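In what follows, a single structure is set out as structure tokens and then discussed.
Being a predicted model, the structure only gives us computed values, none of them experimental. Just so it is clear, the values below take in all heavy atoms, side chains as well, and ignore hydrogens, waters and symmetry mates.
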2 protein chains.
Amino acid sequence: MYALPQTRSDVTDRSCLDDFARSLQRLGVKQTRQRKVILQVFLDMEGHPSPEEIREEARRKGHRLGLATIYRTLKLLVDAGLARKLDFGDGQGRYERRDGKERHLHLICQQCGRTIEAPVATVEGRFSELAEAHSFVLHSHTTMLYGLCKACLKRAPKDTTKPTKRTCSE
Amino acid sequence: MYALPQTRSDVTDRSCLDDFARSLQRLGVKQTRQRKVILQVFLDMEGHPSPEEIREEARRKGHRLGLATIYRTLKLLVDAGLARKLDFGDGQGRYERRDGKERHLHLICQQCGRTIEAPVATVEGRFSELAEAHSFVLHSHTTMLYGLCKACLKRAPKDTTKPTKRTCSE
DNA sequence: GTATCTGCAAATTCTTTGCTTGCCC
DNA sequence: GGGCAAGCAAAGAATTTGCAGATAC
């Protein structure tokens, strides 16, 4: 049986779950119910969830998790190379999945705070060259482009109302 | 020709001070002794100082400042377009000057935490194209490349699985 | 003169840690 | 069974806020 197409529980996610299991073994740590829940919830969520948001989403699915457990597991995910920690300047850590295929950079509107993701293919080669020139072994990268999004340009230039939803993919 | 790196109190800084004075006026706020000190100290410092480090450096120069004042002033600097807030993942906000001429990106070693700056010229054009494709008005950008620096490669050529920082528990 | 700013400390927010009980291997 | 992990609460750290006295304009 296959999951419905709108969710992200697809082949990619299954391989992520495998990656995770393998990573846990490699790191010499146990595979627990909570860790599986957190990974599954994290992979199913769109955007860049914060620990608190992951906990909220898990609760919605009937799983009660301690925040500390989420922080600890997210750190594991980062160590395992499955997640990356980002900072959008809103005072809390945000995480995105990292599977080597969906590389992108972030366009962050300085007025409404929304983020747009764009593929990074056009600049990635340059990053590699650059790292090589510094004898630097590149593991991952994060690019933030700050400015004004289309919507805020149309809107009144001094509108400072922040949206509740931070992420819009387009 | 290359400028000597000892002090940054040069023509660039003087124009920054002017920018700042102008920006303060434009924002309708006052020009105080503390604000001038903070800007001067910030411009004179190398690297990416945190609020605490700015306070320390100011004290070394004989100025006693409240941390809250520094936070508030740094926010002003960011608003005025003279500084940019960065996150190197060490749990505190770090700031860099932003004057439109010294654009660069950051190579961050995940083992020793050291950062290398590299000119961004080779990728900047791509960023502009990309922003334009999204009808996004680009103000500034921040790029972080994570990996291992030359020194750490020599030091521990095999241990690439532990990107710990000083906040690690062991 | 008055509206804004500073500095202090308290408050807030995000994140980590200590410890006891529970669960994975 | 032994040791790692979860959950809770308390600690810790970074940042923000409230307010009384000080200061720029």
Pairwise 5' ranking along DNA chain D for B:Val29 and B:Pro51, keeping only the more 5' one: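 Its nucleotide being nearer the 5' end, the pick is B:Pro51.
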From D:dG7, C:dA9, D:dT15, nucleotide with atom closest to B:Leu67 side chain: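 So the nucleotide nearest the side chain must be D:dT15.
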Candidate pair B:His63 and B:Gln40, rule side-chain hydrogen bond (donor to acceptor under 3.5 Å, both in side chains), full reasoning: CA-CA 12 Å; B:His63 302 282; B:Gln40 190 63 68; over 6 Å; no
Give the rounded distance in Å between these two atoms: [atom1] of [X] and [atom2] of [N].
X       : N      : atom1 : atom2 : result
A:Phe88 : C:dC14 : CZ    : P     : 16 Å
B:Ile70 : C:dC5  : CD1   : P     : 17 Å
B:Arg55 : D:dA14 : CZ    : C1'   : 13 Å
A:Lys30 : C:dC24 : NZ    : P     : 9 Å
B:His63 : C:dG7  : NE2   : C1'   : 17 Å
B:Leu65 : C:dC5  : CG    : P     : 16 Å
B:Lys85 : D:dT16 : NZ    : P     : 6 Å
B:Ile38 : C:dC5  : CD1   : C1'   : 11 Å

[N] OP1/OP2 closer than 4.0 Å to side-chain N/O of [X]:
X       : N      : answer
A:Lys75 : C:dT16 : yes
B:Gln92 : D:dT15 : no
B:Arg64 : C:dG7  : no
A:Tyr71 : C:dT15 : yes
A:Thr32 : D:dA6  : yes
A:Arg33 : C:dC24 : no

A:Glu56 atom CD, neighbour heavy-atom count above 12 within 6.0 Å: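 Yes, because the 6.0 Å sphere around CD of A:Glu56 holds more than 12 heavy atoms from other groups.
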Side-chain heavy-atom pair A:His48, A:Phe88 within 4.5 angstrom cut-off: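 Yes - at least one pair of side-chain heavy atoms lies under 4.5 Å apart.
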B:Leu67 side chain near B:Glu52 side chain, heavy-atom distance below 4.5 Å: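 Yes, side chains in contact.
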Sugar-phosphate, base or nothing in reach of B:Arg35, heavy atoms under 4.0 Å: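 Counting heavy atoms under 4.0 Å across all strands, the contact made by B:Arg35 is with sugar-phosphate only.
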B:Arg55 side chain to B:Leu65 backbone, donor-acceptor under 3.5 Å: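 At least one qualifying donor-acceptor pair exists.
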